[in-house]
Amino acid sequence: MAVSPEQEHPTKAFGWAARDSSGVLSPFRFSRRATGKNDVTFKVLYCGICHTDLSMLKNEWGISMYPLLPGHEIVGQVTEVGSNVEKFKVGDSVGVGYLVGSCQSCDNCGNNAENYCPEMIFTSGAKYHDGSTTYGGYSNIMVADEHFVVRIPDNLPLDGAAPLLCAGVTTYSPLRYYGLDKPGMHVGVVGVGGLGHMAVKFAKAMGVKVTVISTSPNKKKEAIENLGADSFLVSRDDGQMQAAMGTMDGIIDTVSAVHPLLPLLGLLKTNGKLVLVGVPAKPLELPVIPLISGRKLVAGSNIGGLKETQEMIDFAGKHNITANIEVIPIDYVNTAMERLIKADVRYRFVIDIANTLKSSS
């Protein structure tokens with residue numbers, strides 16, 4: 001007979017979870033494992049809401065397991081550490097992102113690229129090494145192996161730092177890896193949402209010239225005056241796009257809707273790089289001639305390894321980079337999901353777990 005989530009482990013926990021693909025979240029009692037010798041246990045204070053949470057809740061990718069308790073932009077304060085833990089102590093501000101496990105033996109893991117490990121374990125909705133279900137950050141406590149925990153710099157507010165653990169590293173990583181981080185370079189950012197606004201902030205801190213590319217003319221003021229972009233292109237304006245042809249060293253494309261790549265390839269210089277970090281539900285059409293004629297590259301990137309995630313958040317601390325957020329109580333989470341579908345958030349919902357998640361709810 002299957003063991004209930006509440007009896008699976010010794011430590012009682014609670015949060016909000018969905019029971020089916022309706023995606024509707026409600027109070028949920030479960031359990032966490034006891035703090036192992038390599039584990040860090042922390043009280044969850046804030047958790048960001050990522051579009052991936054929404055996709056998983058509604059089983060859009062066909063891999064969801066229920067009950068599903070989402071959340072992978074998790075920050076809080078350490079309450080207990082295992083006997084072998086060296087990097088953290090009680091009271092530290094820490095975070096957990098998209099991963100809580102990997103094989104630790106493949107080439108990717110050996111090269112600090114756990115995010116590409118074939119056996120990587122997602123923070124929620126997956127099976128851990130011991131066969132138990134992973135539950136995410138819409139909950140009161142978190143337990144994770146110290147390798148998958150990052151330290152949050154003291155100067156960063158925890159609510160604004162939470163989205164860095166996914167949206168932040170998802171845009172920081174391709175800027176670094178594909179060499180689009182050199183001062184004086186010109187980089188385009190497609191989309192001004194949870195990912196896009198972080199891409200703008202990181203690129204500007206790296207000394208890069210940034211052009212935001214959007215279908216919405218009304219986002220120009222926000223992109224330039226509030227986020228610090230240097231210029232703005234309306235992707236539906238043929239005149240604007242034509243004038244910018246061949247001017248960019250690279251483009252970070254954060255859009256998860258189906259959209260044409262040809263106009264974006266036209267914006268790139270010879271040897272330019274178009275890096276996709278959004279996840280459209282259907283395949284995109286890729287014209288080959290612009291690639292060949294300009295020796296251009298279309299690439300992808302997926303979050304970041306743990307070493308790079310720590311590097312990213314330290315960089316954010318040095319440059320005072322946080323996400324633009326709307327803090328919400330846990331009982332608003334279903335409304336937040338409805339708003340997220342409509343892209344009605346600037347730019348990331350963050351749940352105030354500590355003050356609004358109550359075990360009696």
Side-chain angles (χ1 to χ4, degrees), residues 51 160 163-164 167-168 170-176 178-270 272-280 284 290 294 296 298-299 301 316 319-326 339-340 342-348:
H51 199 280
L164 298 178
T170 296
T171 51
Y172 178 93
S173 181
L175 287 167
R176 288 294 198 210
Y178 291 105
L180 301 175
D181 57 349
K182 309 297 187 293
M185 279 187 158
H186 184 189
V187 170
V189 174
V190 187
V192 203
L195 292 174
H197 92 289
M198 293 308 313
V200 174
K201 291 188 178 191
F202 278 123
K204 286 301 298 179
M206 293 168 182
V208 173
K209 177 184 176 183
V210 177
T211 295
V212 167
I213 305 160
S214 173
T215 58
S216 305
N218 60 0
K219 291 185 177 179
K220 180 176 181 178
K221 182 177 180 181
E222 172 79 6
I224 293 176
E225 294 184 10
N226 293 346
L227 298 180
D230 297 282
S231 55
F232 187 91
L233 278 179
V234 179
S235 57
R236 291 174 175 158
D237 187 318
D238 292 340
Q240 289 187 26
M241 295 293 283
Q242 190 66 34
M245 291 274 282
T247 62
M248 298 181 188
D249 298 286
I251 296 173
I252 304 295
D253 185 346
T254 71
V255 174
S256 289
V258 174
H259 58 289
L261 298 182
L262 181 60
L264 302 177
L265 292 171
L267 297 174
L268 294 173
K269 298 176 182 177
T270 300
K273 301 164 185 175
L274 170 61
V275 187
L276 309 178
V277 296
V279 187
L284 302 181
K296 298 174 183 178
V298 177
S301 185
H319 295 274
N320 292 305
I321 296 172
T322 54
N324 292 21
I325 60 172
E326 179 178 335
R339 287 179 54 191
L340 189 57
K342 303 171 186 174
D344 178 26
V345 56
R346 295 201 174 169
Y347 288 99
R348 207 64 153 185

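The first residue of the sequence shown is numbered 1, and numbering continues consecutively from there. Computed from a predicted structure; not experimentally measured.
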Return yes if some donor-acceptor pair links the side-chain N/O of [X] with the main-chain N/O of [Y] below 3.5 Å, else return no.
{"X": "His197", "Y": "Gly194", "result": "yes"}
{"X": "Lys201", "Y": "Ala323", "result": "no"}
{"X": "Asp230", "Y": "Thr211", "result": "no"}

In Å and rounded to the nearest 0.5 Å, what is the [atom1] to [atom2] distance from [X] to [Y]?
{"X": "Asp237", "Y": "Thr215", "atom1": "CG", "atom2": "OG1", "answer": "12.5 Å"}
{"X": "His259", "Y": "Leu264", "atom1": "NE2", "atom2": "CG", "answer": "5.5 Å"}
{"X": "Ile252", "Y": "Leu195", "atom1": "CD1", "atom2": "CG", "answer": "10.5 Å"}
{"X": "Tyr347", "Y": "Asn226", "atom1": "OH", "atom2": "CG", "answer": "7.5 Å"}
{"X": "Met185", "Y": "Met248", "atom1": "CE", "atom2": "CE", "answer": "14.0 Å"}
{"X": "Ile251", "Y": "His186", "atom1": "CD1", "atom2": "NE2", "answer": "8.5 Å"}

Can you give me the closest heavy-atom contact between [X] and [Y], atom names plus distance?
{"X": "Val210", "Y": "Lys204", "result": "CG2-CD, 3.7 Å"}
{"X": "Lys296", "Y": "Lys269", "result": "CE-O, 3.6 Å"}
{"X": "Ala199", "Y": "Leu175", "result": "O-CD1, 4.1 Å"}
{"X": "Gly168", "Y": "Phe202", "result": "O-CE1, 3.5 Å"}
{"X": "Ile213", "Y": "Ser235", "result": "CG2-CB, 3.9 Å"}
{"X": "Ile325", "Y": "Pro163", "result": "CG2-CG, 4.0 Å"}

Under a 4.5 Å cut-off applied to non-hydrogen side-chain atoms, are Leu267 and Leu274 in contact?
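Answer no - side chains too far apart.
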Would a 4.5 Å heavy-atom cut-off, applied to side chains only, mark Asp249 and Val208 as touching?
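Contact flag for Asp249/Val208 side chains = no.
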Using a cut-off of 6.0 Å, state whether more than 12 heavy atoms not belonging to Asp238 lie near its atom CG.
no
Over 12 non-hydrogen atoms of neighbours within 6.0 angstrom of NZ in Lys220:
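No - once you tally the heavy atoms of other residues, nucleotides and ligands closer than 6.0 Å, there are 12 at most.
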Partner set under side chain to side chain contact (heavy atoms under 4.5 Å, CB included) for Lys219, not counting sequence neighbours:
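Scan of Lys219 (side chain to side chain contact (heavy atoms under 4.5 Å, CB included), adjacent residues dropped) gives Val192, Ser214, Ser216, Phe232, Arg346.
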Checking side-chain contact (heavy atoms from CB on, under 4.5 Å) for the pair Thr170/Thr254: CA distance, chi angles, key distance, verdict?
CA-CA 9 Å; Thr170 296; Thr254 71; over 6 Å; no
